[in-house]
Protein chains: 2
Amino acid sequence: MAVVKNVALTETAAFGLGTVGALVAQRFADLIAPLDLKPKHVGLLTLLSSSGAASQLDMARAMGVAPSLVVRIADHLERLAAIDRVRDPDDRRRQTLTLTKRGRELLATCTEITEYLEEEILDGMSASERRALRSALRHVAENLGPATD
Amino acid sequence: MAVVKNVALTETAAFGLGTVGALVAQRFADLIAPLDLKPKHVGLLTLLSSSGAASQLDMARAMGVAPSLVVRIADHLERLAAIDRVRDPDDRRRQTLTLTKRGRELLATCTEITEYLEEEILDGMSASERRALRSALRHVAENLGPATD
DNA sequence: TGTCAATCATTTACTTGGTGAACGATTGAC
DNA sequence: GTCAATCGTTCACCAAGTAAATGATTGACA
């Protein structure tokens, strides 16, 4: 009876990253839910904040998501008055997205939430353990992300 | 213009765990797809392997998922001949699930795949870095899992 | 012993988050 | 000036999950 082998499975970093990642994502989703935001909304706001104005197609590519999905995400953010959506006068096919004041406020709140979550997650870990984790995550992201060549 | 602040966000362990976790999960899903398995199928097989025979409700609870979803998962695994599904003679409401030989074979293949993925993920990391990551993941899982009190 | 509430698996209808194809307006190459 | 390509939008669809209703079975108990 080869029962013992499976123990090893759940001890791998692969398994741990998958399950812990899902836990963290769910926790984040729960924390931002009262703001009427989903993770993808925050993703768009974050991208927009670091890139400045951008078209929906730009966002779709950066988020790795279909353009038709960006429509729905932007619809929602516009309803929340978090983004402005104006036709690019130089190319009237393009819809240019920009953060509004309200959008920056929401993003700031999400940043606070993330900082709170960060503490929750890393509670009880030493500074060097935290550094090691963040560094390992960067390493793994590089290993898995040949998509970003 | 408070643009610089967002950089910090994407540097947190929270953010990293979320995104890297999703990458790993997707990679795993891609690797098992040729076996006609999804992550939840492997989850059920793994649980079954470590717990021995179990009812569908047991599995639903252990997986944190609705019983009606377990029906579909078990349907599929039964179609693959990976599990046996027999009415418990002592309580004919219960459906007892057990791994078949084929199920153990599939699970063994998934274990190999996980080991392969583990190497892909940790490529270029030292033994102590790997140990630190696995330990940190356990730590985070404990911090987030007061559900398992 | 017979009734009745609870339990397990299942089916069904529904929601959510995602895709891709078709379409309309617009652009730009030629 | 025409015509293919591009951008955003809508639409129909798919996958994965839930919850509620149903049927069979069980067990408590008057």
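Since we're looking at a predicted model, the values are computed, not measured. Convention: sequence-line order gives letters A, B, ...; per-chain numbering from 1. Side-chain atoms are counted along with the backbone in the values below, which use heavy atoms only and exclude waters and symmetry mates.
- In terms of heavy atoms, B:L99 sits closest to B:L107 at CD1-CD2, 4.3 Å.
- A side-chain donor-acceptor contact under 3.5 Å links A:E118 to the backbone of B:A13.
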(message) As a quick check of understanding, evaluate side-chain hydrogen bond (donor to acceptor under 3.5 Å, both in side chains) for A:R94 and A:Q56, giving each step before the final call.
(response) CA-CA 8 Å; A:R94 275 185 155 90; A:Q56 293 188 185; over 6 Å; no
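- Under the Watson-Crick or G-U wobble criterion, with both distances below 3.5 Å, D:dT22 is paired with C:dA9.
- Here the closest non-hydrogen pair linking B:A53 and B:T96 is CB-CG2, 3.8 Å.
- In plain terms, the two heavy atoms of B:C110 and B:L37 that are nearest each other are SG-CD1, 3.9 Å.
- Checking B:V140, B:N143, B:T12 one by one against A:I121, the side-chain contact (heavy atoms from CB on, under 4.5 Å) holds for a single residue, B:V140.
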(request) Apply salt bridge (charged side-chain N to carboxylate O under 4.0 Å, His left out) to B:R134 and B:E129, showing your working. (result) CA-CA 9 Å; B:R134 295 202 186 94; B:E129 282 173 314; over 6 Å; no
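- Atom CZ of B:R87 is surrounded by more than 12 heavy atoms from other residues, nucleotides or ligands within 6.0 Å.
- Judged by distance alone, the side chain of A:H76 and the main-chain N or O of A:D36 form a donor-acceptor pair under 3.5 Å.
- Here the shortest heavy-atom pairing between A:A74 and A:R85 reads CB-NH2, 3.5 Å.
- Between A:E105 and A:K101 a salt bridge is recorded (basic side-chain N to carboxylate O distance below 4.0 Å).
- Using a distance-only test at 3.5 Å, with no hydrogens or angles considered, a donor-acceptor pair links the side chain of A:R130 to the main chain of A:M125.
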Under 3.5 Å, which donor-acceptor pairs do the side chains of residues 59-73 of chain B form with other protein atoms, sequence neighbours left out?
none

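- Within residues 62-74 of chain A, the residues that place at least one heavy atom under 4.0 Å from DNA chain C are, in residue-number order, A:V65, A:A66, A:S68, A:L69, A:R72.
- Note that the first and last nucleotides of DNA chain C, 5' to 3', having any atom under 4.0 angstrom from a heavy atom of chain B are C:dA6 to C:dT11.
- Contacts between residues 33-41 of chain A and DNA chain C, counted as heavy-atom distances below 4.0 Å, involve A:K38, A:K40.
- For the contact set between residues 76-89 of chain A and DNA chain D, defined by any heavy atom under 4.0 Å, the members are A:R85, A:R87.
- For A:R93, no side-chain nitrogen or oxygen approaches OP1 or OP2 of D:dT6 to under 4.0 Å.
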(request) Apply the test side-chain hydrogen bond (donor to acceptor under 3.5 Å, both in side chains) to residues A:Y116 and A:E112: give CA-CA distance (whole Å), side-chain angles for both, the deciding distance (0.1 Å), then the verdict. (result) CA-CA 6 Å; A:Y116 168 78; A:E112 285 171 26; over 6 Å; no
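- Between B:V20 and A:L137, the shortest heavy-atom distance links the atoms CG2-O, 3.8 Å.
- Within residues 53-61 of chain A, the residues approaching DNA chain D are A:S55, A:Q56, A:L57, by heavy-atom distance under 4.0 Å.
- Between B:D75 and A:D90, the one whose closest nucleotide on DNA chain C sits nearer the 5' end is B:D75.
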